[in-house]
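A note on names: the letters A, B, ... follow the listed sequences, proteins ahead of strands, and every chain is numbered from 1.
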Amino acid sequence: MFQEIPRVDVKAKLTGRAKYADDLQFPNMIYAAMVRSTIAHGDVLSIDATKALSQDDVLGILTWKDIPGLSNKGKERPVLVESRVRFIGDGIAMVVAKSQKAAREAAKLVEIRYQPLAAVFDVKESMKKTAGWIHGRSNVETIISMQHGHVEDGFEEADVIYEESVSTQRVQHAAIEPESAVAVYQEDHMEVYCPPKSPFNVRRVVAETLDVSVNKVRLISAVVGGSFGGKDYDMSLLASRVALVAKRYQKPCKMTYTREESIMEGTKRHPYQIDYKIGAKKDGTLTGLSVQMVSDAGAYLSKSAMVAWRSCVESGGPYRIPHVKTDISVVYTNQIYSDSLRGFGSPQVDFGLEVVMDGLAERLQMDPLALRLKNALQDGDVHATGQVLSGVSIEKCLLALKDKSDYEQTRKRIASFNRDHASGPYRLGFGIAALHRGEALGAGGEGIDTAGVYVHIEKDGSVIIYSGLSEVGQGCQTMMVRIVSEILGIHSSRIRVTTLDTDYVPDSGPTVASRGTVIAGNATVLAAEELKTKITEVLSQKKWFKKNAELVFQNETITLRHNPEVSVSYQDAIKMVFSQGENLYGHGWWSAPKLVWDWKKGQGDAYFNYVYGACGCEVKVNIETGKTDIVRFVAVHDVGTALNIEEVYGQICGGVAMGIGYGLTEEVQLREGKIINDNFDTYLMPTAMDIGEIEPVILQEHSAIGPLGAKGLGEPVTSIVAPAITNAISDALQSRIVDLPADLERVLAHVKKGDAR
Amino acid sequence: MTTFTLHFWLNNQPESVEIPLTATLLDVLRDELHMTGTKRGCGIGECGACTVLLNGQAVNSCTVLALQAQGQKVETVEGLAKGEELSSLQQSFIEEHAVQCGFCTSGMLMSATGLLRQNPHPSEKEIRTAISGNLCRCTGYMPIIKAIEKESKR
């Protein structure tokens, strides 16, 4: 277990000195505000800006005609549309003014005339041949499949078949920081300040928009006020927009979205409709699984196909199932588009399968935990992708859950409460869920799952880490400090992580897929190891150094392993290196292991590793109001070696809270393509009153591939919260909830169903 | 545009600023005085990122008209530390790892400061109630609740 180190960025955040994009001020700064589509599908016929331009302090209006490079690429990146709008919120023009207020007020005065087209809001409608096409000649972008064994054989072998249709809703990141960006025009390049999740992607889109090479765009990260998968695609658009204005007026330009705009254009989690059919022997042994899914991509493609691929690969859960057939259709609708959101396709299939596992357990008259344990994957088992697994820890997670939740006693206590209080308004329930989740991008993201990190030791022995991995609040900077501190054996206070500036840091890829710790962490290891080698080379010229001797770097001292009497202080060693005219620049570049996926067969080695988790939730449901209180949430996660256990605790609690919102209250509600709950008074996220007691249980099964044995964590923690909650509510009401969210109305409907039984 | 001169106490220092009549306290802090520690998250008093103390009471500065602060005492996150030295509540936030992205942190600190002044030894339920107007999307609140609890026991 490592010593605790404080977050590297914590003091600035506690004193108000941390600068987020909207906090930045530049001399002569101008402001832009968006004019957005008010219809869901159609063509822009005319833009009348006469009124807007006559207002005080208004400087002008920009449309796609002012874009030197790409305005949009059909299915992708609508910086400003050329004519076709595909959802309510699509960017049409920008009004530029001397103040933000003037820009926003004038933007409301721009009049757009449209030629409306038929719009489609339902995926099943959109799949019909009669639906209006949104891109190309079909609204089905792709169908991705996984096929393992012969699913019909699996159903023939079964004693029991259980079928269920489930659905998940559209939710959003709702980071507390709304999107903001500033572009500062420089003579030979464009400087962009923004909170990016994928800084090098944002830089590329800005360059494509301005029609310049990427080295003419310099992205400097502002402090990021939360991402959760957001501030990626949408940040590329915002950064490109301010860059256009800055270029046109040769002045710094800022644009900050209101919360309503942030919700209008911020990408969402894909809503899914899933039909399950699962077969099992009487003793609970799973024999076959069919999963048929439709994903709502919304109006643009973004990463919808990659999200769908992950859903497909993980659709069999952490279970041994000999025959699996999964298909997922990715379908466009004229609604705000879907993209990455913490979990990236996992939460939908984890919800679906875990609800189905409970339904099957009921059908088999078997305990839900026993059913999961019976089928839990083991080392050497064949995954539904055909991959032979190692490092499988799902059974350990389930047993830890059993222990920490006091499973049997809890079930008994709840049953007796419900018996004794049958005439009262409250019912208790307990539910569980389990998951496996592929680490990093997997075979779907081949070639981009790489990271570079530089570590420099200065002449005074202090260290700077240069990384392109975005600190979005998850603590990646602290993680890198931990690794360098451990490898060089020096105190963490010697180490600073530099601001992410694309002019100086290497591309470490996006902060997605819970990949930061593993991918960038490994690059950090390599950089630090290179420094150790450089120091060792210089020390090996010393008389006391025997040939091939091994050095130990610990406690600010470098010692001979076989003769601990012989040592040199870290500080002196650094001096020696520099006095020899050598450098202490360390470079780390790490690529995820090669993976293969056979798209035709729907089989392959999808991920280089899976992580595992299990959780249990106790709820108290008021059957008169439909309100569900989370009493207790036990979240067991195998995180590998915890690099910073307090931060792991915080990641789990935060992930669970987000999952509680997904399970109970959150839903982006659309009417004819228009979001009707566009601020936090109507889009309801959990507060401190709504989370009950969250109890993280941290298992540390060493990873063979992660840095110092660590595994990724950010997304798995969110992915199985909702099914544990709904399984608990189903337990309380004796009626199975199969749709999200389990809000008041849905719970009340199930109170009636349960009574009827 | 009608303007007026706002005189008030900001973190125990007298402050005067010429502002539009319709400006909110948050507008004044951020846009006029460039005190950007106080954050704008929703603009309608729901997220609590803009929480400041007005005469010791935690308020959403986005829903308070600046003229309501005329002659009053306003405290913001910038006033908590003394130079380089953090307040003991800020220290508790470090020790309990109660900060992740940091965007809610200023508001959380101010709500907690307001609570602890009125009720130095709150129950856990009182802590949760006091910060229930402050949304946090990162921490799941647990580390923040622990930090405030720790501070109340110092």
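- Surrounding CD of B/E18 are more than 12 heavy atoms belonging to other residues, nucleotides or ligands, all under 6.0 Å away.
- What you find for A/G650 and B/P143 is that their closest heavy atoms are CA-CG, 4.3 Å.
- Side-chain N or O atoms of B/Q90 include one that pairs as donor or acceptor with a backbone N or O of A/L14 at under 3.5 Å.
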Is there a side chain to side chain contact (heavy atoms under 4.5 Å, CB included) between A/K13 and B/F93? Walk through the geometry before answering. CA-CA 11 Å; A/K13 288 176 174 176; B/F93 269 57; over 6 Å; no
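- Looking only at side-chain heavy atoms (C-beta outward), A/P178 and B/F103 come within less than 4.5 Å of each other.
- Of the inter-residue distances, the one linking A/C653 atom SG with B/Q100 atom CD reads 9.0 Å to the nearest 0.5 angstrom.
- Heavy atoms of A/A174 lying under 4.5 Å from chain B belong to its backbone as well as its side chain.
- Proximity to chain B is absent for every atom of A/L24, based on heavy atoms less than 4.5 angstrom apart.
- When the side chain to side chain donor-acceptor pair (under 3.5 Å) test is applied to A/Y31, no partner is found at least two apart in sequence or on another chain.
- By a heavy-atom distance cut of under 4.5 Å, not one residue of residues 57-71 of chain B is near chain A.
- Heavy atoms closer than 4.5 Å to chain B are found nowhere in A/E471, neither backbone nor side chain.
- Summarising the geometry, atom CZ belonging to A/R7 is positioned 11.0 Å from atom CD1 belonging to B/I94; distances are rounded to the nearest 0.5 Å.
- Of the two parts of A/E646, the backbone and the side chain both hold a non-hydrogen atom closer than 4.5 Å to a non-hydrogen atom of chain B.
- Among residues 28-55 of chain B, the residues having any heavy atom closer than 4.5 Å to a heavy atom of chain A are, in sequence order, B/R30, B/H34, B/T36, B/G37, B/K39, B/R40, B/G41, B/C42, B/I44, B/E46, B/C47, B/A49.
- Other residues, nucleotides and ligands contribute at most 12 non-hydrogen atoms within 6.0 Å of the NZ atom of A/K98.
- For A/V224, the part sitting under 4.5 Å from any heavy atom of chain B is the backbone (N, CA, C, O) and nothing else.
- Using a 4.5 Å cut-off between heavy atoms, B/E95 touches chain A through its backbone atoms (N, CA, C, O) alone.
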How far apart are the C-alpha atoms of A/E666 and B/R137, what are their side-chain angles, what is the distance that settles it, and do they pass the salt bridge (charged side-chain N to carboxylate O under 4.0 Å, His left out) test? CA-CA 13 Å; A/E666 291 183 37; B/R137 199 61 157 163; 2.7 Å; yes
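- With a 6.0 Å radius and a threshold of 12 heavy atoms from other residues, nucleotides or ligands, A/K11 has its NZ atom at or below the threshold.
- Taking A/I660, A/N644, A/V472, A/T15 one by one and counting their heavy-atom pairs under 4.5 Å with chain B, the maximum is reached by A/T15.
- In this structure, chain A has a heavy atom under 4.5 Å from the side chain of B/T105, while its backbone stays farther away.
- Counting heavy-atom pairs closer than 4.5 Å to chain A, the top residue among B/C136, B/C138, B/S87 is B/C138.
- With chain B as partner, the option from A/G225, A/A657, A/A12 having the largest number of non-hydrogen pairs under 4.5 angstrom is A/G225.
- To the nearest 0.5 Å, the span separating CZ on A/F633 from CE on B/M142 amounts to 12.5 Å.
- Contact annotation: the side chain of B/E78 never approaches that of A/R17 to less than 4.5 Å [non-hydrogen atoms, C-beta and beyond].
- The stretch residues 686-695 of chain A places A/P686, A/T687, A/A688, A/M689, A/I691, A/G692, A/E693, A/I694 near chain B, each with some heavy atom under 4.5 Å from a heavy atom of that chain.
- Heavy-atom pairs under 4.5 Å with chain A were tallied for B/T76, B/L135, B/I145, B/I144; the largest tally goes to B/L135.
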